[in-house]
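Here the structure comes first, spelled out in structure tokens, and everything after it is commentary.
Reminder, nothing fancy here: chain letters follow the sequence lines and each chain counts from 1.
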Number of protein chains: 2
Amino acid sequence: MQRSMGILGTRWKPIIIYTLRDRKARFGQLDALIENISRKVLTSSLKELEEDGIILREVFKELPPRVEYTLTEKGKALIPIMCQLAKWNEEYYAEEIAL
Amino acid sequence: MQRSMGILGTRWKPIIIYTLRDRKARFGQLDALIENISRKVLTSSLKELEEDGIILREVFKELPPRVEYTLTEKGKALIPIMCQLAKWNEEYYAEEIAL
DNA sequence: TAAAGTAGTTACCTTTGCGTAACTATCAAT
DNA sequence: ATTGATAGTTACGCAAAGGTAACTACTTTA
């Protein structure tokens, strides 16, 4: 568990993984899809997630350049977990505003 | 998802929740069960988790004083998620050391 | 030659997370 | 009066996480 949290225990990384659950995405797309994230944090988070074998970074030598990010198998294995987390939040947030 | 991560997106909070998955525990027990955590972080994490409605803090007016921490319903709903996370880690860590 | 698009990087700064060590409070038992 | 047990708190500081704004590099198109 401590190892998991060493990899995922930040505010943004799980959100990045969740965003990639059903699509590949380019840097600019991630920047647009994830509200409030800064390009700097996005850059460093993507780099670390790649180092940890969770996402794959593919560079296409085109013009203008294109870089696509996708989940690896290890990363895809996290999708159900992230979805449950999103569901958990919806459930209990709905409960709170109902009070 | 951003709200979830605002609550859980740290290195230690998920570990605390995971530790409480099958037992109530006292402050000193948590301190002993969770390796490497400092009392200070434990204190502040417990306080924040209580504010977010994930754990319950019960004070027993005994001598010496006793304080027990348990998961609320909202917190218990996270147990399967935490267990999956632990499982995810074991799976892929086993894979890595096999290489 | 200048704009426009993609994918970042860099510098600088603030906030948060986390650690260590020492200290507090309460009461009982010795 | 000192020790022991529980459950913290406080002071101090470092490092990591995160934010903003400006800048780079490359090449096509106008």
Side-chain angles (χ1 to χ4, degrees), chain A residues 1-20 23-52 54-71 82 85, chain B residues 1-20 23-52 54-71 82 85:
Chain A
M1 197 61 171
Q2 303 222 8
R3 213 175 319 115
S4 294
M5 296 323 292
I7 294 173
L8 302 171
T10 74
R11 226 169 230 61
W12 292 111
K13 287 180 186 173
I15 295 175
I16 293 172
I17 294 166
Y18 184 68
T19 304
L20 289 173
R23 63 190 306 167
K24 60 190 176 205
R26 307 169 60 169
F27 182 83
Q29 289 179 312
L30 287 170
D31 188 30
L33 286 166
I34 302 173
E35 290 179 17
N36 304 319
I37 199 172
S38 68
R39 292 171 95 75
K40 186 203 161 190
V41 169
L42 185 52
T43 302
S44 65
S45 300
L46 288 170
K47 196 173 293 175
E48 290 173 16
L49 286 171
E50 194 195 359
E51 285 167 7
D52 289 325
I54 291 173
I55 63 174
L56 187 69
R57 180 177 187 271
E58 268 186 299
V59 183
F60 296 85
K61 299 204 168 174
E62 304 176 353
L63 292 164
R66 181 159 59 106
V67 179
E68 280 182 358
Y69 294 93
T70 51
L71 293 176
M82 297 304 152
L85 210 47
Chain B
M1 197 60 171
Q2 302 222 9
R3 215 174 320 116
S4 294
M5 296 323 293
I7 296 174
L8 303 170
T10 74
R11 227 171 229 61
W12 292 110
K13 285 181 188 173
I15 294 175
I16 294 172
I17 294 166
Y18 184 67
T19 304
L20 289 172
R23 62 190 306 168
K24 61 190 176 206
R26 306 170 60 168
F27 183 84
Q29 289 179 313
L30 287 171
D31 189 30
L33 287 166
I34 302 173
E35 290 179 17
N36 305 317
I37 200 172
S38 67
R39 292 172 96 73
K40 185 202 163 187
V41 169
L42 185 53
T43 302
S44 64
S45 300
L46 288 169
K47 195 172 295 175
E48 290 172 16
L49 287 171
E50 194 196 358
E51 285 167 6
D52 289 324
I54 291 172
I55 64 174
L56 187 69
R57 180 178 186 269
E58 268 186 298
V59 184
F60 296 85
K61 300 204 168 175
E62 304 177 351
L63 292 162
R66 180 160 59 107
V67 179
E68 281 182 356
Y69 294 94
T70 51
L71 293 176
M82 297 304 152
L85 210 48

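In this structure, Gln29(B) and Tyr69(B) have side chains that are not in contact, with every pair of non-hydrogen atoms separated by 4.5 Å or more. In this structure, the side chains of Val41(B) and Thr10(B) stay at 4.5 Å or more apart for every pair of heavy atoms.
For the pair Lys40(B) NZ and dC12(D) P, the computed distance is 12 Å after rounding to whole Å. Computed from coordinates, the Ile37(A) CD1 to dA21(D) P distance equals 17 Å when rounded to whole Å. The distance between atom CZ of Phe60(A) and atom P of dA7(C), rounded to the nearest whole Å, is 11 Å. Across the protein-nucleic acid pair, Glu48(A) atom CD and dA16(D) atom P stand 10 Å apart, rounded to whole Å. Separating the CE atom of Met5(B) from the P atom of dG18(D) is a distance of 9 Å, rounded to the nearest angstrom. One interatomic measurement links the two molecules: CD1 of Ile16(A) to P of dG18(D), which rounds to 9 Å at whole-angstrom precision. At whole-Å resolution of the value, CG in Leu42(B) and P in dG19(C) are 10 Å apart. Rounded to an integer number of Å, the gap from Ile15(B) CD1 to dC18(C) C1' is 13 Å.
Between the side chain of Ser45(B) and the backbone N or O of Leu42(B), no donor-acceptor pair lies under 3.5 Å. Put simply, the side chain of Gln2(A) gets close to the backbone of Glu35(B): a donor and an acceptor are under 3.5 Å apart.
At the phosphate of dT16(C), neither OP1 nor OP2 sits under 4.0 Å from any side-chain N or O atom of Trp12(B). Side-chain N/O atoms of Arg11(A) include one lying less than 4.0 angstrom from OP1 or OP2 on dG17(C). Between dA7(D) and Arg26(B), a contact under 4.0 Å exists linking OP1 or OP2 to a side-chain N or O. Close to dA7(D), at under 4.0 Å from its OP1 or OP2, lies no side-chain N or O of Arg66(B). Note on Lys47(B): a side-chain N or O is less than 4.0 Å away from OP1 or OP2 of dT9(D). Dashed line: the shortest gap from a side-chain N or O of Tyr69(A) to OP1 or OP2 of dA7(C) is not under 4.0 Å.
The side chain of Phe27(A) approaches dG8(C) more closely than any other nucleotide in the set dG18(D), dT9(D), dG8(C). Which of dG19(C), dA7(D), dA17(D) sits closest to the side chain of Thr10(A) comes down to dA17(D).
When heavy atoms are screened at a 4.0 angstrom cut-off, Asp31(B) is found touching no nucleic acid atom at all.
A salt bridge between Lys13(B) and Glu48(B) is present, with a side-chain N of the basic residue lying under 4.0 Å from a carboxylate O of the acidic one.
A residue-by-residue look at Leu46(A) and Val41(B) shows that Leu46(A) has its nearest nucleotide of DNA chain C further toward the 5' end.
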